[in-house]
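What you see is a predicted model; the values in this text were computed from it and never measured. Lettering of chains follows the sequences in order, A, B, ..., and the numbering in each one begins at 1.
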Amino acid sequence: MARSKYQPAEFEPKWQARWAESGDAMARDDDPRPKFYNLVMFPYPSGDLHIGHWYNYTGADIFGRFMRMRGYNVMQPIGFDAFGLPAENAAIKRNIQPRTWTLANIANMQQQLRRLGAAWDWSREVITCLPDYYQWTQWVFLQFYKHGLTYRTKAPANWCPTCNTTLANEQVVNGACERCGTTVERREIDQWLMRITKYADELLNFDGLEWPEKTRLMQTNWIGRSEGAEIRFTASIPKENRKRGQKASVELPVFTTRPDTIYGVTFFVLAPEHPLVEQLTTPEQRDAVQSYVEQTRRESEIERMSAEKSRAKTGVPLGSYVKNPVSGEQIPIWIADYVLMSYGKGAVMGVPAHDQRDFEFARAFDLPITQVVQNGDEPLTDPATWDEAKPAHGRLVNSGPFDGVPGDEATKRVIAWIEEHGVGAGSVNYRLRDWLVSRQRFWGSPIPIVYCEEHGAVPVPEDQLPVRLPDEAEFRPTGESPLRYVPEFLNTTCPICGAPATRETDTLDTFLCSSWYFLRYADPHDEEHAWDEKKVAKWLPVDMYIGGPEHATMHLLYARFFVKALRDMGLLNISEPFTRLYHQGMVLGPDGQKMSKSRGNVIAPDDVVTRYGADGVRAYLMFMGPFDQGGPWNNQGIEGVSRYLNRVWTLVTDYVEASEGHGSAQSSAGREVERLRHKTIARVTSDYEGLRFNTALAGMMEFVNGLNKAREGADDLIRDARYGAAVETLLTLLAPLAPHIAEELWSRTGHSDSVHQQSWPTFDPAMTVDDVITIVVQVNGKVRDTMQLPADVTEAQVREHALASAKVGAALDGRELRKFIYVPGKLANVVG
RNA sequence: GCCGGCGUGGCGGAACGGUAUACGCGGCGGUCUCAAAAACCGCUCCUCUCACGGGGUUAAGGGUUCGAAUCCCUUCGCCGGCACCA
């Protein structure tokens with residue numbers, strides 16, 4: 001009989017269709033088994049699924065299938081993050097409506113996603129650009145509005161002149177637009193912001209989360225909590241600038257992390273955009289100040305921030321002075337672009353002796369440098385001889401009443417002093433800023449706000465949601481949302497007074513859509529609510545979330561903020577959305593470089609799937625290296641993995657063909673096969689648990705190698721029931737990783753049910769140990785011999801055998817035994 | 001500059017502080033074949049030796065330990081994040 005060949009194309013589509021029909025992947029709300037919410041970051045419908053999606057989703061699907069076989073009610077949804085800029089760019093470029101483009105891409109990608117053979121629950125599919133979804137995005141926005149967590153203000157926006165839109169700080173990379181690379185400018189526009197800073201402190205707490213250390217660190221640094229003090233300096237307003245009846249001075253607060261250096265302040269610097277700059281500029285300095293302010297305005301703040309550290313300090317004195325509230329000294333006020341308006345108070349106290357930036361500034365402008373902190377026993381030297389600032393903490397000197405205060409107490413003492421004298425207080429500052437969510441764009445969820453001449457910004461009543469996006473718009477590069485030119489959209493009436501009013505024409509950042517989609521999956525078709533409390537309580541939090549590390553400081557932070565805020569509104573009873581987080585690595589091109597069309601090193605999933613089958617691609621991707629590491633694609637590597645699946649096919653079909661008398665023999669090789677089976681279950685199970693798919697597959701390869709070896713010279717083994725058990729175990733272990741071939745072979749071994757409905761195989765720990773073990777014998781840490789001994793050998797026996805070894809004797813070379821170390825079952829070290 | 005991570009055969013990568021190089025790729029040799037492909041079997045870190053054996057090796061150098069790829073320190077290289085954050 002001609003042996004059948006492994007030809008995945010012959011059965012993969014069949015099983016995909018059958019799984020879809022069976023509805024096995026649909027998670028039921030009333031399933032009594034423990035739930036497991038297995039989530040992947042949903043794709044943006046860019047047009048085609050790329051190999052990175054395959055990588056991400058294969059790993060996630062393996063884990064989900066594994067958990068399902070272990071008895072969990074797994075919910076594994078999929079959907080599309082469908083609003084966003086590329087659709088609009090395509091619209092402009094190809095004169096096609098964003099909606100048309102997006103929906104066509106979704107249809108294509110749905111087919112591509114099916115080819116993966118993943119156990120998606122399509123009944124829960126969520127598409128964020130459809131009104132039945134964005135209605136609730138708008139509703140969520142209104143809840144934030146109601147609770148004062150979103151607000152509108154004229155704010156400096158990161159403006160990309162090419163995309164004609166504002167960008168979130170997170171979307172600005174090195175001062176340039178993340179998408180098109182254009183240098184970002186600043187513009188003052190009325191914008192909507194989300195008050196994420198209110199949750200800064202809570203977001204620093206990761207208790208109970210199984211998240212990569214790296215991601216927690218990135219978020220922690222992004223939030224950037226600094227402890228210190230706010231200190232209020234008092235500036236004298238130049239006589240010429242005072243209006244009649246106006247006070248002669250104005251308060252200038254600063255934030256500092258080093259209140260202990262307060263006596264070292266020798267100058268004071270404002271950001272050039274600081275609102276008091278003009279008022280504090282003397283007539284003599286006016287021209288110089290104005291031209292400096294204009295110069296810095298031309299360079300965006302982002303540009304200044306991205307400038308190299310070595311960049312020379314620039315600045316101009318205002319001509320006026322502030323009083324140091326602690327020392328009483330009068331010090332000159334400057335403006336300089338190294339001070340950022342967006343952090344702290346937009347002002348710093350210059351302590352050149354103990355801050356490197358201030359040091360450089362003082363050197364550039366010949367400002368005095370006063371040492372006020374002594375570093376240990378280091379003798380005081382003339383700061384004029386220093387090469388750099390001395391930022392270390394230490395005992396205070398030259399600090400009036402604080403002289404001699406030790407470093408660990410200095411900060412506390414100064415804060416106590418300023419609080420007592422009412423000139424400041426201990427305070428905390430964050431690098432994190434509020435999240436700007438307005439986009440001057442069409443393809444996003446409309447912001448459900450109406451502007452009325454009398455009532456100002458009025459939220460759209462919830463029963464009037466959704467505020468529908470028009471099907472079509474005209475795309476002109478005006479810098480304003482195309483919605484402004486759709487009169488039917490723009491013109492409306494005030495929900496309060498009914499007078500003519502206009503709608504907000506900006507749309508929401510797409511990150512808003514993805515900040516709550518994992519809640520909607522729990523209740524995707526609810527027409528009355530964004531989600532049903534009970535369903536969300538059942539499914540949330542997400543037990544496993546797999547996606548790329550590039551979302552560490554954006555999506556993953558926003559989603560946490562949303563959940564906390566919604567909890568405080570009484571809409572959720574959880575504090576964190578994602579209990580366990582895992583970042584898959586990146587698949588690189590065969591040249592080891594990031595895949596890109598310009599490099600011509602892109603591997604298209606469709607091509608390789610046609611050639612090797614979905615299982616071949618899945619298995620190869622997972623075998624490439626550790627899942628969180630990724631690695632370069634190798635065309636010969638996938639051949640090897642494909643050959644393995646071929647060997648599985650041959651092994652199982654041979655077994656099926658020899659079906660005469662299954663279980664009728666007691667082969668001498670049966671015991672070893674059974675032992676190998678238990679060992680393999682043990683290691684593969686533990687590898688799957690830890691998402692170590694590469695070693696899990698290596699384990700299954702060794703299993704197949706071992707079974708083939710065992711059959712050599714044991715013709716009756718194939719009829720031994722223990723061999724049959726090994727074959728079935730192999731298929732169940734393989735099922736999560738290569739679901740189609742496992743299912744096909746499972747059915748060929750005579751099963752009418754699905755391999756994916758089997759419960760996960762168990763093992764007996766006693767069966768994972770050999771009768772005879774190999775003990776390595778070292779002399780002084782060097783391997784000199786190995787011994788085969790019964791598994792239950794005692795230490796005394798091992799010692800006896802080891803010392804009897806001729807090789808050990810030779811290695812000892814007459815030295816006396818000083819020490820004997822025994823690692824049970826493994827190794828003995830003779831020290832002499 | 002600061003904060004993380006990583007450096008293991010020709011290649012991708014394995015190794016609870018305990019036989020470094022599992023598994024796979026590639027290479028070499030063989031079986032089958034008229035031949036090739038496929039499939040299967042064997043060998044394959046470096047070095048000395050005919051061999052038996054010995055020595056060396058986890059970026060480099062040092063340390064801790066009976067024993068280090070693994071822990072600690074220094075240096076170099078690569079990757080990621082932040083980047084004048086007061």
- Query: What's the closest nucleotide to the A:Trp222 side chain, out of B:C82, B:A86, B:C40?
  - Reply: B:C82
- Message: Using OP1 and OP2 only, check whether a side-chain N or O of A:Arg643 sits under 4.0 Å from B:G26.
- Response: yes
- Within the pair A:Asn694 and B:A14, is there a side-chain N or O less than 4.0 Å away from OP1 or OP2? yes
- Query: If you check the A:Ala698 side chain, which of B:A22, B:G4, B:G55 turns out closest?
  - Reply: B:A22
- With sequence neighbours excluded, residues passing side-chain hydrogen bond (donor to acceptor under 3.5 Å, both in side chains) with A:Asn56: none
- Candidates B:G18, B:A20, B:C23 - which lies nearest the side chain of A:Glu702: B:C23
- Item | Nucleotide of B:A86, B:U19, B:G54 approaching A:Arg784 most closely (side-chain heavy atoms) | B:G54
- Item | Euclidean distance for P, B:U57 against B:A51 (whole angstrom) | 23 Å
- Derivation of the ring-ring contact (aromatic ring centres under 6.0 Å, His included) call for A:Phe627 and A:Tyr582: CA-CA 9 Å; A:Phe627 187 43; A:Tyr582 194 96; 5.5 Å; yes
- Task: Not counting sequence neighbours, which residues clear salt bridge (charged side-chain N to carboxylate O under 4.0 Å, His left out) with A:Glu702? List them please.
- Result: A:Arg683
- Message: Is it the case that the side chains of A:Asp358 and A:Tyr338 hold a donor-acceptor pair, with the cut-off being a distance below 3.5 Å and no angle test?
- Response: yes
- Task: Can you tell me the distance, in whole Å, between the NZ atom of A:Lys679 and the P atom of B:A22?
- Result: 17 Å
- Does A:Glu689 have any salt bridge (charged side-chain N to carboxylate O under 4.0 Å, His left out) partners at least two apart in sequence or in another chain, and if so, which? A:Arg70
- Task: Under the salt bridge (charged side-chain N to carboxylate O under 4.0 Å, His left out) rule, collect the residues that match up with A:Asp615, sequence neighbours excluded.
- Result: none
Output a table of donor-acceptor pairs, distance under 3.5 Å, between side-chain atoms of residues 629-638 of chain A and any protein atom two or more places apart or on a different chain; print 'none' if there are none.
from, atom 1, to, atom 2, distance (Å)
A:Trp633, NE1, A:Asn635, OD1, 2.9
A:Asn634, OD1, A:Gln636, N, 2.7
A:Asn634, OD1, A:Gly637, N, 3.0

With the criterion being N/O to N/O and under 3.5 Å, what pairs connect the protein with nucleotides 42-48 of chain B, and how long is each?
from, atom 1, to, atom 2, distance (Å)
B:G42, OP1, A:Lys709, NZ, 2.7

- Just wondering, do A:Phe763 and A:Lys679 contact through their side chains at under 4.5 Å, heavy atoms? no
- Note on the structure: Taking B:G24, B:C82, B:C25 as options, the one with an atom nearest any side-chain atom of A:Asn705 is B:G24
- Protein-to-nucleotide contact annotation, 5' to 3' order, nucleotides 64-72 of chain B [B base; S sugar-phosphate only; - none; under 4.0 Å, heavy atom]: --BS-----
- Message: Measuring to OP1 and OP2 of B:A86, would you say a side-chain N or O of A:Ser226 lies under 4.0 angstrom away?
- Response: yes
- Task: Under a 3.5 Å limit for both distances, which nucleotide forms a Watson-Crick or G-U wobble pair with B:G26, could you say?
- Result: B:U44
- Task: Scan side-chain atoms only and decide if A:Thr695 and A:Asp687 contain a donor-acceptor pair under the 3.5 Å cut-off.
- Result: yes
- Considering residues at least two apart in sequence or located in another chain, which fulfil the side-chain contact (heavy atoms from CB on, under 4.5 Å) criterion with A:Arg611? A:Glu639
- Message: Between B:G1 and B:U75, how many Å separate the two P atoms, rounded to a whole number?
- Response: 12 Å
Strictly under 3.5 Å: I want the nitrogen or oxygen pairs between protein and nucleotides 8-12 of chain B, one per line.
from, atom 1, to, atom 2, distance (Å)
B:G12, O2', A:Met624, O, 2.6

- Distance between C1' atoms of B:G5 and B:U70 (Å, rounded): 16 Å
- Message: Does a side-chain N or O of A:Arg216 approach OP1 or OP2 of B:G5 to a distance below 4.0 Å, or not?
- Response: no
- Item | Upstream residue (5' side of RNA chain B) when A:Asn221 and A:Gly344 are each assigned their closest nucleotide | A:Asn221
- Query: Is any side-chain nitrogen or oxygen of A:Asn708 closer than 4.0 Å to OP1 or OP2 of B:C41?
  - Reply: no
- B:A39 P sits how many Å from A:Tyr644 OH, rounded? 15 Å
- note: A:His551, atom NE2; B:G80, atom C1'; distance rounded to Å ~ 16 Å
- Nucleotide paired to B:G1 in any strand shown, Watson-Crick or G-U, under 3.5 Å: B:C82
- Query: What nucleotide among B:C3, B:G54, B:G13 has an atom nearest to a side-chain atom of A:Pro626?
  - Reply: B:G13
- Selected nucleotide, minimal atom distance to A:Val776 side chain, candidates B:U19, B:C23, B:A15: B:U19
- Complementary nucleotide of B:U31, counting Watson-Crick and G-U pairs under 3.5 Å: B:A39
- Item | Presence of salt bridge, A:Glu360 and A:Arg363, under 4.0 angstrom | no
- Message: Give me each pair satisfying side-chain hydrogen bond (donor to acceptor under 3.5 Å, both in side chains) with a member in residues 772-784 of chain A, each pair once, sequence neighbours excluded.
- Response: A:Thr774-A:Gln788
- Using a 90° cut-off around 0 for syn, call B:G26 syn or anti. anti
- State whether A:Arg692 places a side-chain N or O below 4.0 Å from either non-bridging phosphate oxygen (OP1 or OP2) of B:G13. no
- Does A:Arg683 have a side-chain nitrogen or oxygen under 4.0 Å from the phosphate oxygens OP1 or OP2 of B:A22? no
- Residues forming a ring-ring contact (aromatic ring centres under 6.0 Å, His included) with A:Phe365, sequence neighbours excluded: A:Trp334, A:Phe361
- Message: List the residues meeting salt bridge (charged side-chain N to carboxylate O under 4.0 Å, His left out) with A:Glu251, not counting sequence neighbours, and say none if there are none.
- Response: A:Arg232
- Task: Hunt down the Watson-Crick or G-U wobble partner of B:G7, both distances under 3.5 Å, from any strand shown, or write none.
- Result: B:C76
